[in-house]
**Student:** 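Here it is: the structure, laid out below.
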2 protein chains.
Amino acid sequence: MDEDARATDEDRPPTAEADATATDTTAAEAAAEKAATTPRGGESRARPARLADIAARTGLATSTVSRALTRPGRVHAATRARVEQAARELDYVPNRAARALNSGRTGSIAVLVSDVTNPFYFGILRGTARQSRAAGLLQLLVDLEESGELEDALLGRLRHSVDGAVLAASRLPDRALAALDPAMPVVVLNRRIPGVPSVVIDTPGGVGHAVEHLVSLGHRSIAYAAGRQGVWSNEQRWRALARAAARLGARAVRLGPFPTTRWPAGAAAADAALNARVTACIAFNDVLAIGMLRRLSERGVDVPGELSVVGCDDIFGADFCSPPLTTIAAPLEDAGRLGVSMLVARLRPDPPAARAAVLPAQLVIRSSTGPAPRAAG
Amino acid sequence: MDEDARATDEDRPPTAEADATATDTTAAEAAAEKAATTPRGGESRARPARLADIAARTGLATSTVSRALTRPGRVHAATRARVEQAARELDYVPNRAARALNSGRTGSIAVLVSDVTNPFYFGILRGTARQSRAAGLLQLLVDLEESGELEDALLGRLRHSVDGAVLAASRLPDRALAALDPAMPVVVLNRRIPGVPSVVIDTPGGVGHAVEHLVSLGHRSIAYAAGRQGVWSNEQRWRALARAAARLGARAVRLGPFPTTRWPAGAAAADAALNARVTACIAFNDVLAIGMLRRLSERGVDVPGELSVVGCDDIFGADFCSPPLTTIAAPLEDAGRLGVSMLVARLRPDPPAARAAVLPAQLVIRSSTGPAPRAAG
DNA sequence: GCGATGGATGCAACCGTGTGCCATTTTTTG
DNA sequence: CAAAAAATGGCACACGGTTGCATCCATCGC
């Protein structure tokens, strides 16, 4: 404790490294360990308790101990109590590897995201994290760094290391994902594939509402700033916009595609929107939309006075950018939770048929949308 | 492929669930599997290839196959080629559980964060994800949801399931963390504990620069909007501010503590700063600072005209809030990478002594700081 | 009092991989 | 050409937990 107070050298210049004062303590620890138990080949770690240790302590067989801990009804109540007592005393923690080896279940799932730094995944990750823990599963986070090949390779190697996977925004073709299922149960988010359970957010429905919102404000020409070509949700959103515009007598223009993961993206989209003679623009996602806002601000374009901007997803930051962004809010945490729930259901001995869950999206109106300017069409 | 085109029903009302059209295909698949191999008790999954399968195919012993794949020098080159060929043909993937069981190494590490939705962790997670993959390790993401008890319990259960852990912002007391090390190697981020390897970002140094920046702009009274009491980095930053202010002849005021994970936090901090008769405020982190900006904007206070605001960390959003935030940028991805590197070094047979790496932080000047107003002092 | 019944427990065989030790083969050396 | 040395491959066991089957004992019914 008093050692802690000593470590206050905040005025030290930022050197690359600084040695801690721990050389002696670690040496002492190592010596202590070595003296304790040396199970095999001189390992330096203390040996954790096994079932056999509990068995020895209670005078039971390991099989009985195992049943006492995992099949409570299968042993005498008194025996069970004895075993649990001993387990507590020895600080017993079951070895997951051993359990996995003969049961085939690892007790963990993988969550694959295309890019961890994309704020879109924050909410999803929180949802998967919560539901995983609720289900007693560990969550492997795999960042694909926007690489489809990496995804393929990783899925192959993960196949037998996890019980299943949640794929948030996979890049693999439908066939590859559908083929994956027998080897490893999979749930996909934001995509619909026949035969694969999925969680889809009804952002297209929200796009319809956004178009209504814009048309009611007098907009008659609405652009769509597209994301990466071929992405399922990207095409869905464009179609929803085109359809709603047609229904309401407005003109729909498709711009792009624009990259949506790096900041420069929004600039190109903003310029394209200004060229397209529209009064409003719905962007594929909030990252793109916020990038547009920045560019428009740089160019001195008034939002929403001259151009209204709508985003998708309601990511972190959409409420404090300038101006606060009107967006189609996606229930990301719910989607993550539901994805894991469906995966867990899929892992049960009698898996339900693959289904596609649809979560509603809400149009959140902030300050980046307003009445259409008079002159434009 | 043509099936994919059919799945375009974006105008469908957002129902809770919709059945996929996959019942027949999954049934066919299941039948095909059952016909293939039924290893034990009629499992429904296809049996993955094992070493024994390669051995049978090549006419070698499993031990030789094992060595061919893991100890290239130990077998004849021709034998090794045969084995690798067979492994490819059978799509062999080593069973991690079995490997872990007898080697004691799981090939995975845990990364513990106190709250996944805190944008502070985004950069860190990307760093740990990259370095983990580079080291051939899987990364377990554990969200502690701001609960110290959960952390304690989880660390106990994880102890034998992972090779080590990176603790980003742990809540456990120093003693508990130091005691953890013999059972499970650990690297802590943003905290310095004797005997435990750590990666610390020199934000306090950056705070010093920020104070110089503010003083040079004429500020003489600077507030610190504190984060959660007792957090190591929080105390460090305050001390750095107080020390730098004393050195430069400015007055330092400590406000708070304020919660820094939820948005309402910033409001209280902003009001407190206005009451404190200061002209500038350095906040514990960017979440708090951005919350302050929002509140100040609501109250019609000009930033930086009436009050300058500085944040810490340079999280996602700090560059597009209004006004863009002057902040002390932390190299978060580097910190994550380095944390994993140090953990990996710790896992080697001859672990180096625990050391504390310090990464420099940079003051990034944007638009939330400016000259001090005339009247105040 | 004896056999049937069922609950409680132990035995032993797995799961798939890694590795120490030994047998065998091949190469080198005197 | 024989002996020594090196290279190569196989046997068997260990890792820790689960589970089918056998065993044992107590209780119950007749």
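Within every chain, numbering begins at 1; the chains are lettered A, B, ... in the order of the sequence lines, protein sequences first and strands thereafter.
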**Student:** Measure the distance from CG on B:L69 to P on C:dG16 and round it to the nearest whole Å.
**Tutor:**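 Atom CG in B:L69 sits about 16 Å away from atom P in C:dG16.
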**Student:** Hey, is the side chain of A:S103 pairing donor to acceptor with the base of C:dC15 inside 3.5 Å?
**Tutor:**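 For A:S103, whose side chain was compared with the base of C:dC15, there is no donor-acceptor pair (under 3.5 Å).
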**Student:** Atom CG of B:L51 to atom P of D:dC11: distance rounded to whole Å?
**Tutor:**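 Atom CG in B:L51 sits about 15 Å away from atom P in D:dC11.
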**Student:** Counting C-beta onward and ignoring hydrogens, is there a side-chain heavy-atom pair between B:T70 and B:S66 closer than 4.5 Å?
**Tutor:**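 Answer yes - side chains close enough.
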**Student:** May I have the step-by-step check of side chain to side chain donor-acceptor pair (under 3.5 Å) for A:S108 and A:Q139, ending in yes or no?
**Tutor:** CA-CA 6 Å; A:S108 55; A:Q139 180 190 233; over 6 Å; no
**Student:** Under the criterion salt bridge (Lys or Arg N to Asp or Glu O under 4.0 Å), I'd like the reasoning laid out for B:D91 against A:R159: C-alpha separation, chi angles, the key distance, then a yes or no.
**Tutor:** CA-CA 11 Å; B:D91 193 21; A:R159 230 169 44 204; 3.0 Å; yes
**Student:** For the helix from C:dG1-D:dC30 to C:dG30-D:dC1, what is the angle between the axes at its two ends, each from 5 pairs, rounded to 10°?
**Tutor:**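 Rounded value for the end-axis angle: 40°.
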**Student:** OP1 or OP2 of C:dG10 less than 4.0 angstrom from a side-chain nitrogen or oxygen of A:T64, does that happen here?
**Tutor:**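 So the side chain of A:T64 is within the cut-off, an N or O lying under 4.0 Å from OP1 or OP2 of C:dG10.
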**Student:** Report yes if some heavy atom in the side chain of B:N95 is under 4.5 Å from a heavy atom in the side chain of A:H160; otherwise report no.
**Tutor:**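 No; the side chains remain at least 4.5 Å from each other.
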**Student:** Measure CG/B:L101 against P/D:dG17 and give the value in whole Å, please.
**Tutor:**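 So the two atoms are 9 Å apart, to the nearest Å.
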**Student:** Give me the distances for all protein-to-nucleotides 6-8 of chain D N/O pairs that come in under 3.5 Å?
**Tutor:**
| from | atom 1 | to | atom 2 | distance (Å) |
| --- | --- | --- | --- | --- |
| D:dT8 | OP1 | B:H76 | ND1 | 3.1 |

**Student:** Which distance, rounded to the nearest 0.5 Å, do you find between the CG of A:L150 and the OG of A:S114?
**Tutor:**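 Interatomic distance, A:L150 CG to A:S114 OG, rounded to 0.5 Å: 11.5 Å.
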**Student:** Assess the side chains of A:S170 and A:E151: does a donor N or O sit below 3.5 Å from an acceptor N or O?
**Tutor:**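 Looking only at side-chain atoms, A:E151 and A:S170 do form a donor-acceptor pair, the distance falling under 3.5 Å.
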**Student:** Considering heavy-atom distances to DNA chain D, does A:A98 or B:S63 have its closest nucleotide positioned more toward the 5' end?
**Tutor:**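 Going by which nucleotide is closer to the 5' end, it is B:S63.
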**Student:** If I take atom CG from residue A:L90 and atom CG from residue A:D53, how far apart are they, to the nearest 0.5 angstrom?
**Tutor:**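 Here the rounded value is 6.5 Å.
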**Student:** Between A:Y92 and D:dG17, is there a side-chain N or O to OP1/OP2 distance below 4.0 Å?
**Tutor:**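 So the side chain of A:Y92 is within the cut-off, an N or O lying under 4.0 Å from OP1 or OP2 of D:dG17.
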**Student:** Determine: side-chain N/O of B:S66 to OP1/OP2 of C:dG18, distance under 4.0 Å, yes or no.
**Tutor:**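 For C:dG18, OP1 or OP2 has a side-chain N or O of B:S66 closer than 4.0 Å.
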**Student:** Round to the nearest Å and state the distance from B:I54 atom CD1 to C:dT17 atom C1'.
**Tutor:**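 Checked: the CD1 to C1' distance equals 12 Å.
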**Student:** Would you say the side chain of B:Y121 lies within less than 4.5 Å of the side chain of B:V111, judging by non-hydrogen atoms?
**Tutor:**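 B:V111 does not reach B:Y121 side chain to side chain.
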**Student:** Tell me the interatomic distance from B:R71, atom CZ, to D:dG9, atom P, rounded to whole angstroms.
**Tutor:**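 In whole Å, D:dG9 P and B:R71 CZ are 15 Å from each other.
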**Student:** Is any side-chain heavy atom of A:E333 closer than 4.5 Å to a side-chain heavy atom of A:L125?
**Tutor:**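 In short, these two side chains do not touch, never coming nearer than 4.5 Å.
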**Student:** Any donor-acceptor pair, under 3.5 Å, between the side chain of B:R67 and the base of D:dG10, if you only look at N and O atoms?
**Tutor:**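 Yes.
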**Student:** Measure from CG on A:D53 to C1' on D:dG17 and round the result to the nearest Å.
**Tutor:**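 In whole Å, D:dG17 C1' lies 13 Å from A:D53 CG.
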**Student:** Just how far, in rounded Å, is P of C:dC14 from CZ of B:R50?
**Tutor:**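 Whole-Å distance recorded here is 12 Å.
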**Student:** Contact between B:V344 and B:I109 at the side-chain level, heavy atoms closer than 4.5 Å - yes or no?
**Tutor:**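 No, their side chains stay 4.5 Å or more apart.
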**Student:** Reckon A:T70 touches a base, only the sugar-phosphate, or nothing at all at heavy-atom distances under 4.0 Å?
**Tutor:**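 Sugar-phosphate contact only - A:T70 comes under 4.0 Å of backbone atoms but never of a base.
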**Student:** Please determine whether any donor N or O and acceptor N or O are separated by less than 3.5 Å between the side chain of A:N102 and the base of D:dG17.
**Tutor:**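 Flag set: donor-acceptor pair detected.
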